[in-house]
Enquirer: 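Dropping a structure here in structure tokens format, bear with me for questions.
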Amino acid sequence: MSQATESAPVVDRSWTLPPLGDNPSTEKQGTTPGSFAQRGAIGKPLTYASPDTPGMPQPSDKTAWDFLPEGWTRTGEESAEPPAGFEPITQLEFARVGVVTPEMKRVALREPHLTPEQIRREVAAGRMVIPANRNHLKHNLDPMAIGRASLTKINANMGASPISSGTDEEVEKLKWAEKWGADTVMDLSTGGDLDACRAAIIENSTVPIGTVPIYSMIIGRKIEDLNEQIVLETLEHQARQGVDYFTIHAGVLREHLPLVRKRLIGIVSRGGSLLAKWMITHHKQNLMYTMWEQICDVMREHDVTFSIGDGLRPGGLADATDAAQLGELATIGELTERAWRKGVQVMVEGPGHVPFDQIEFNMKLQRRLCHGAPFYVLGPLVTDIFPGYDHITSCIGATAAGYHGASMLCYVTPKEHLGLPKKDDVKQGCVAYKIAAHAADVALGIPGTRDRDDELTKARAALNWQKHFDLSFDPELARAYHDEDLEVDTDFCAMCGHDWCSVRISKEITEFFSGKDEQSQPAKKAIASPGVTEGGADILKARGNLSAEEIMRLAHKGKKAACHSDTLKDEEAAKGVQKLVKINTLKAHGIVVNETGL
Ligand SMILES: C[C@H]1O[C@@H](n2cnc3c(N)ncnc32)[C@H](O)[C@@H]1O
Ligand SMILES: Cc1ncc(COP(=O)(O)O)c(N)n1
Ligand code: SF4
Ligand SMILES: [Zn+2]
């Protein structure tokens, strides 16, 4: 044994931290030095970017400034002169002529790490979009921005299908998605009264609304009968209604279709599959591609933003990053340039189903080919074998996507691949994606993004349950789960109990800061839980292991508590309370439900 130890090679156990980015906490709380991402350099292609794994494509050396419309004169790195008499309409055009719009100012208020001028410059460079149809602004749209210099955004998909749902239900889902933090909403209806549903959603939303106009183009007709006139009329109509962004699958070309043949699951995009069928029937190029400039003209008129659709996105791990997907992405790069030349704002849609290790390459290739135009990705799912849990399989991919460069994450709900999401699926999708977006923002070192985490950590360390829940994303759920086992806010929870509560012990150790923040202290005496709300009781009931009486018991309000180890004289007394609490929390509140006390 000792021989082996002596002959073992000397191991260098020292280390050097990699170059550090910004600290995402305003107060620089805690002991970690900062983010490992690149230092934020707003105004440059590498703003809030992950360090590259070897072999990653470098950012493009071009921006929207390199793709000005005909008649414009470039006068500097970030300046240009429009032709005489030019009237800006789109946010991109205002940005190009140096005007900070009211919408840019509003975005700066919502995102304090950015100034209105920085937002203007990002929009002018094409790295940021403000999807704000002028007709939606007349309703209740609250302008927001999508771009890597801003916070990561999430989108919630909804819409009636021919099988299920209607306008009222969809408006309810819209409100629910807004409540749970959706930054934009897509109406993907393919059933019911599409026009009325879209109008109701636009009228009732404060977030930008996106649609895939080809869906309504084929209502009442076969895809084969789609023609240029129908395309233009539909786009014009939806633009007048106030849709803020259109998904148009113009990147799927005839020449890409043979590349799909060997795929395990062909084309999973609805728009993509419909257009593939149109091209094959007519032996023609994709009409969305050939009509691109005309489409741009309609969109510019109302400032509708492009979300260039990924009609060839992979529908399974085995089809990810294949020739069809990458061929389409190259075409999308060309379409981005052409839209910028028309003064139209652009974001780009991305996959789909992608193994975890391929996500960074996918994000960085898009950044290069589309010159930094915001990337809007669906998940991606990092495994295919968990139907029913695809909000989780995709949330993992979405976190990686956000960290490696995506600007907006399109949620996937537990109903993906199985059916139409209902209200609770919308909530589950939103929550999963708020987690992904926030985790990415913290990892990228965006200033201020960790503040709430740090405040919650202090409340948690102080064992201040009410503050802990108030700071949490879903306070009702957190309170219900806590109260399921212990209806008193005391200095431990039912996970470890009094004697094993490491947080309580750390707070006790005088030389530790842990749990000592003044602002985070709970009341000196333990207080009775205010009780779970009706919603909280429903949450517990849905867990399926509680009787009606237990739900009633958990939903009690405002009873007095008598247990808190601070108020106890010695260890024996604390143990007594703990036993009491473990066996029957009701007694701690002085409540008797029945003779057995249960
Ligand atoms: C492109 C994405 O759009 C989603 N999707 C398509 N239609 C609807 C709808 N009516 N409601 C919610 N999501 C929808 C699919 O689940 C896919 O993930
Ligand atoms: C992020 C996202 N959301 C919606 C769609 C449109 O759906 P489809 O491509 O199936 O028509 C898409 N391509 N990408
Ligand atoms: S979700 Fe269902 S209906 Fe839609 S493409 Fe997949 S299998 Fe078909
Ligand atoms: Zn899928």
Side-chain angles (χ1 to χ4, degrees), residues 146 153-167 169-170 173-174 176-177 182 184-192 194 197-198 201 209-218 223 245-252 264-276 288 306-320 325 328 332 347-354 374-387 390-391 393-394 397-398 401 406-423 425-426 428-430 433:
I146 303 163
K153 304 303 187 302
I154 71 156
N155 170 74
N157 284 337
M158 50 203 64
S161 87
I163 314 290
S164 182
S165 194
T167 299
E169 223 172 315
E170 293 310 314
K173 279 190 212 166
L174 159 76
W176 196 235
T184 79
V185 160
M186 289 194 84
D187 176 7
L188 298 178
S189 292
T190 49
L194 268 72
C197 187
R198 191 182 316 111
I201 284 185
I209 300 302
T211 62
V212 187
I214 195 172
Y215 299 170
S216 61
M217 292 177 196
I218 57 159
I223 179 68
Y245 62 92
F246 285 160
T247 295
I248 306 216
H249 304 82
V252 197
L264 294 194
I265 187 168
I267 301 179
V268 293
S269 155
R270 295 202 295 223
S273 61
L274 288 163
L275 284 162
M288 300 292 179
F306 271 117
S307 182
I308 307 181
D310 55 338
L312 296 180
R313 68 174 176 272
L317 297 185
D319 294 343
Q325 187 204 321
E328 180 189 39
I332 291 175
M347 58 180 171
V348 168
E349 286 178 10
H353 293 242
V354 184
F375 205 14
Y376 165 33
V377 296
L378 177 65
L381 286 72
V382 294
T383 160
D384 298 327
I385 59 170
F386 293 86
D390 279 333
H391 57 313
T393 59
S394 66
S407 301
M408 182 152 79
L409 311 173
C410 180
Y411 83 6
V412 169
T413 76
K415 289 298 282 290
E416 188 71 10
H417 307 110
L418 304 171
L420 193 73
K422 303 295 180 291
K423 216 173 139 182
D425 304 308
V426 169
Q428 298 308 325
C430 284
Y433 276 66

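Order of listing sets the numbers, starting from 1, for every ligand and every atom in it. Side chains are part of it too, since the values below use all heavy atoms of this structure and drop only hydrogens, waters and symmetry mates. Note that the structure is predicted; figures quoted are calculated from it, not measured.
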Enquirer: Among protein heavy atoms, which lies nearest atom 1 (C) of ligand 2, and at what distance?
Expert: Cys410 CB, 3.5 Å
Enquirer: Tell me which protein heavy atom sits closest to atom 10 (N) of ligand 1, plus the residue, atom name and distance to 0.1 Å.
Expert: Gly159 O, 2.8 Å
Enquirer: Among all protein heavy atoms, pick the one closest to atom 5 (C) of ligand 2 and tell me residue, atom and distance.
Expert: Glu349 OE1, 3.4 Å
Enquirer: How far apart are the C-alpha atoms of Ser394 and Tyr433, what are their side-chain angles, what is the distance that settles it, and do they pass the side chain to side chain donor-acceptor pair (under 3.5 Å) test?
Expert: CA-CA 9 Å; Ser394 66; Tyr433 276 66; 2.6 Å; yes
Enquirer: For ligand 2, indicate whether the residue Ser269 contacts it via side chain, backbone, both or neither (heavy-atom separation under 4.0 Å).
Expert: both
Enquirer: Using a plain distance cutoff, I'd like to know if Gly271 has any nitrogen or oxygen under 3.5 Å from a nitrogen or oxygen of ligand 2.
Expert: yes
Enquirer: With nothing but distance in play, are any N or O atoms of Arg270 less than 3.5 Å from an N or O of ligand 1?
Expert: yes
Enquirer: Considering Glu170, Arg313, Lys173 one by one, which has a heavy atom nearer to atom 1 (C) of ligand 1 than any of the others?
Expert: Arg313
Enquirer: Would you say the side-chain atoms of Gln325 pair up with the backbone N or O of Pro314, donor to acceptor, closer than 3.5 Å?
Expert: no
Enquirer: Using modelled atom types and a 3.5 Å cut-off, is there a donor and acceptor pairing between side-chain atoms of Ser189 and backbone atoms of Gly191?
Expert: no
Enquirer: Are the side chains of Glu349 and Val377 in touch, meaning some heavy atoms are under 4.5 Å apart?
Expert: no
Enquirer: Side chain or backbone of Val412 under 4.0 Å from ligand 1, or both, or neither, by non-hydrogen atoms?
Expert: neither
Enquirer: Under 4.0 Å, counting heavy atoms only: does Ser161 come that close to any atom of ligand 1?
Expert: no
Enquirer: Is Glu328 reaching over with its side chain to a backbone N or O of Gly311, donor-acceptor style, under 3.5 angstrom?
Expert: yes
Enquirer: May I ask you to test the Tyr245-Thr211 pair for a side-chain heavy-atom distance under 4.5 Å?
Expert: no
Enquirer: Considering Met186, His249, Arg270, which one's heavy-atom position lies nearest to atom 10 (O) of ligand 2?
Expert: Arg270
Enquirer: Starting from atom 14 (C) of ligand 1, locate the nearest protein heavy atom and write down its residue, its atom name and how far away it is, to 0.1 Å.
Expert: Leu188 CD1, 3.8 Å
Enquirer: Can a donor-acceptor pair be found, under 3.5 Å and without considering hydrogens, that links the side chain of Ser164 to the backbone of Ser161?
Expert: no
Enquirer: Give the atom numbers and elements of ligand 1 that come within less than 4.0 Å of a heavy atom of Leu420.
Expert: 9 (C), 10 (N), 11 (N)
Enquirer: Tell me, which protein residue and heavy-atom name are nearest atom 16 (O) of ligand 1, and how many Å apart are they?
Expert: Glu416 OE1, 2.6 Å
Enquirer: For residues Asn155 and Tyr376, is any side-chain donor paired with an opposing acceptor at under 3.5 Å?
Expert: yes
Enquirer: With respect to Asn157, determine whether any N or O atom, backbone or side chain, lies less than 3.5 Å from an N or O atom of ligand 1.
Expert: yes
Enquirer: Under 4.0 Å from a heavy atom of Val212: which atoms of ligand 2 are those, numbered in the order shown and with their elements?
Expert: 6 (C)
Enquirer: Give yes if a backbone or side-chain nitrogen or oxygen of Pro421 is under 3.5 Å from a nitrogen or oxygen of ligand 1, and no if not.
Expert: no
Enquirer: Below the 3.5 angstrom mark, is there an N/O of Asp310, backbone or side chain, next to an N/O of ligand 2?
Expert: yes
Enquirer: How about Val426 and Lys423: do any of their side-chain heavy atoms sit closer than 4.5 Å?
Expert: no
Enquirer: For a quick test of reading the model, state the closest non-hydrogen atom pair linking Val185 to Ala177 and the distance between them.
Expert: CG2-CB, 4.3 Å
Enquirer: Which atoms of ligand 2 are found less than 4.0 Å from any heavy atom of Tyr215?
Expert: 6 (C), 7 (O), 8 (P), 10 (O), 11 (O)
Enquirer: With a 4.5 Å limit on heavy-atom distance, are the side chains of His249 and Val212 in contact?
Expert: yes
Enquirer: Taking Asp319 for the side chain and Gly316 for the main chain, is one N or O donor matched with an acceptor at less than 3.5 Å?
Expert: no
Enquirer: Any idea which atoms of ligand 1 are less than 4.0 Å away from a heavy-atom of Leu378?
Expert: 1 (C), 18 (O)
